[in-house]
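Step one of this worksheet: look at the structure below.
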Amino acid sequence: MDTYDLITRNAEEVVTDEEIRELADDPDGKRVYVGYEPSGVLHLGHLLTANKLIDLQEAGMEVVVLLADVHAYLNDKGTFEEIRDTAERMKAQFIAYGLEETQTEFVYGSEFQLDEEYTLDLHELELSTTMNRAQRAMAELQSGETAKVSHLVYPLMQALDIEYLDLDLAVGGLDQRKVHMLHREEIPELGYEARPCLHTPIVADLTSGEGKMSSSDGVTISMEDSTAEIEEKVNSAFCPPTRDPEGDLENPVLELFEYHVFPRFDEVVVERPEQYGGNVTYEEYESLAADLESGDLHPADAKGTLATYLDDLIEPGREKLRELRS
RNA sequence: CCGCCCUUAGCUCAGACUGGUAGAGCAGCCGACUGUAGAUCGGCUUGUCCCCCGUUCAAAUCGGGGAGGGCGGACCA
């Protein structure tokens, strides 16, 4: 796979394609980041962007993971001490998942976000950003909740981080689009250069197949799930025997194969009894999806296989969590 | 600083005037049907009624106090 394809595979959107191509021409040593609000247990949403980071590492880029402790504080997630603690656990799980510890720079937001220069730049951003715009950019804000001042500052800091971490590319889920666009529009006003952005898709909810809204309350698979729990969750997932369900729905089982399994495994073996056709091996997502569509692959067999591979991906992190808790 | 409104199931809310210790929709869970899930049937669960004090035989409901949230007014330094 050539570098450009590796960088952009499974991306929902890149801004802009020209800038990404330029990066792909000379990726060595280029700095790329994802910011995460510390969470004690990683789930598939985190792992989707982590997969992209692994791709970019493979492409030769330097990966920066921002452990956004100040952001978490602004989002009322606890004291700095508590947040630090969950951030450390998050870091351990990322490494267990496959981010090379020696090639990944883990940075706490508080290491630079409290500096005077940063603060003054932040105030300048506040000066030119309306509350309306800031609130719309705040992905973390629960719908219906009335924004606090902290919630409005939050996305402005995200926009600034991209400059202060000296990045060449910003990565995030599609839910981060508005923040990134705010960055691209406002950061030149401060005399800095806007950076290109890459957005991963937001995977549909497992049980309903409703997508595009990063609903935090839906069922998701996390690092603390047991093998049995994963099997149970995958088995109860929405999965019509087609790749393009009615209406706005997605097939979450296929999405997990596409975004989580195939990027990390060279081949996927579906084990099934002779009665249903015997084992099949897939080397790419497309052929698996096509077989589901045609009926050559039954959803129940797809689910069993998915659970097995997801379990493999989760296992190291699960082990790490067990260690941290003992 | 002043005024008004809100707070009941996981969520959105009804019930309050005319006290009798709680309901609907959605969600969720369990079965049936499908070699998965969904859809469709059938069944089921859920509550500090924001807190405290008072009145009363009896308070989600009435009175007083408090907390949290929302909105507006005043102020134009």
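It should be emphasised that the depicted structure is a prediction, and the values quoted were computed from it without experimental measurement. Any value given below was found using the heavy atoms of this structure, including those in side chains, with hydrogens, waters and symmetry copies removed. Chain letters run A, B, ... following the sequence lines, proteins first and then strands; every chain starts at 1.
Taking 4.5 Å as the limit, every side-chain heavy atom of A/Val107 sits out of range of all side-chain heavy atoms of A/Tyr33.
Side-chain proximity of A/Tyr276 to the nucleotides B/A37, B/U36, B/G35 is greatest for B/G35. The side chain of A/Asp301 lies closest to B/G35 when the candidates are B/G35, B/G70, B/U36.
When the C1' atom is used for both B/A77 and B/C53, the distance is 43 Å, rounded to whole Å. Separation of the C1' atoms belonging to B/U45 and B/A60 is 22 Å when rounded to the nearest angstrom. When the C1' atom is compared between B/U18 and B/A32, the two are found 47 Å apart, to the nearest whole Å. Rounded to the nearest Å, the gap between the C1' atom of B/U21 and that of B/U56 is 14 Å. Across B/G72 and B/C30, the matching P atoms stand 46 Å from one another, rounded to whole Å. Nucleotides B/C4 and B/C41 are separated by 49 Å at their P atoms, to the nearest Å. As rounded to the nearest Å, B/C49 and B/G38 have C1' atoms that lie 36 Å from one another. Of the C1' atoms belonging to B/U61 and B/G23, the separation is 15 Å, rounded to the nearest Å.
Using a 30° and 60° split on the angle between ring planes, A/His199 and A/His180 fall in the parallel class, below 30°.
Taking the ring centroids of A/Tyr282 and A/Phe257, they lie at or beyond the 6.0 Å cut-off. A ring-centre distance under 6.0 Å is found for A/His46 and A/His43.
Atom-to-atom, CD of A/Glu274 to C1' of B/G35 comes out at 16 Å; the value is rounded to the nearest Å. Between A/Glu210 atom CD and B/A27 atom C1' the separation is 12 Å, expressed in whole Å. For A/Asn235 and B/G38, the CG to C1' distance is 13 Å, given to the nearest whole Å. Atoms CD (A/Glu246) and P (B/A37) sit 19 Å apart, rounded to a whole Å. Counting to the nearest Å, the C1' atom of B/G38 and the CD atom of A/Glu250 are 15 Å from each other.
Look at B/C44: its Watson-Crick or wobble partner, with both distances under 3.5 angstrom, is B/G28. With both pairing distances under 3.5 Å, B/A37 is matched to nothing as a Watson-Crick or G-U wobble pair. Pairing of B/G63, defined by two Watson-Crick or G-U wobble distances under 3.5 Å, is identified with B/C53. Base-pair partner of B/C17: not found among the strands shown (Watson-Crick or G-U wobble, both distances under 3.5 Å). Pair assignment for B/C4: B/G70, on the basis of Watson-Crick or G-U wobble contacts that are both within less than 3.5 Å. Base pairing analysis places B/A9 opposite nothing; no Watson-Crick or G-U wobble pair with both distances below 3.5 Å involves it.
When the side-chain contact (heavy atoms from CB on, under 4.5 Å) test is applied to A/Phe265, the partners found at least two apart in sequence or on another chain are A/Val261, A/Tyr309, A/Asp312, A/Leu313. Residues meeting the side-chain contact (heavy atoms from CB on, under 4.5 Å) test with A/Glu19, sequence neighbours left out: A/Thr16, A/Arg184, A/Pro196.
Ion pairing of A/Arg21 with A/Asp17 is present here, as a side-chain N (NZ or NE/NH1/NH2) and a carboxylate O approach within less than 4.0 Å.
Side-chain N or O atoms of A/Thr104 include none that pairs as donor or acceptor with a backbone N or O of A/Glu101 at under 3.5 Å.
Across all strands shown, A/Pro245 has no heavy atoms under 4.0 Å from either base or sugar-phosphate atoms.
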When you check every protein heavy atom under 4.0 Å of nucleotides 28-33 of chain B, what one-letter string (B, S, -) results, 5' to 3'?
------
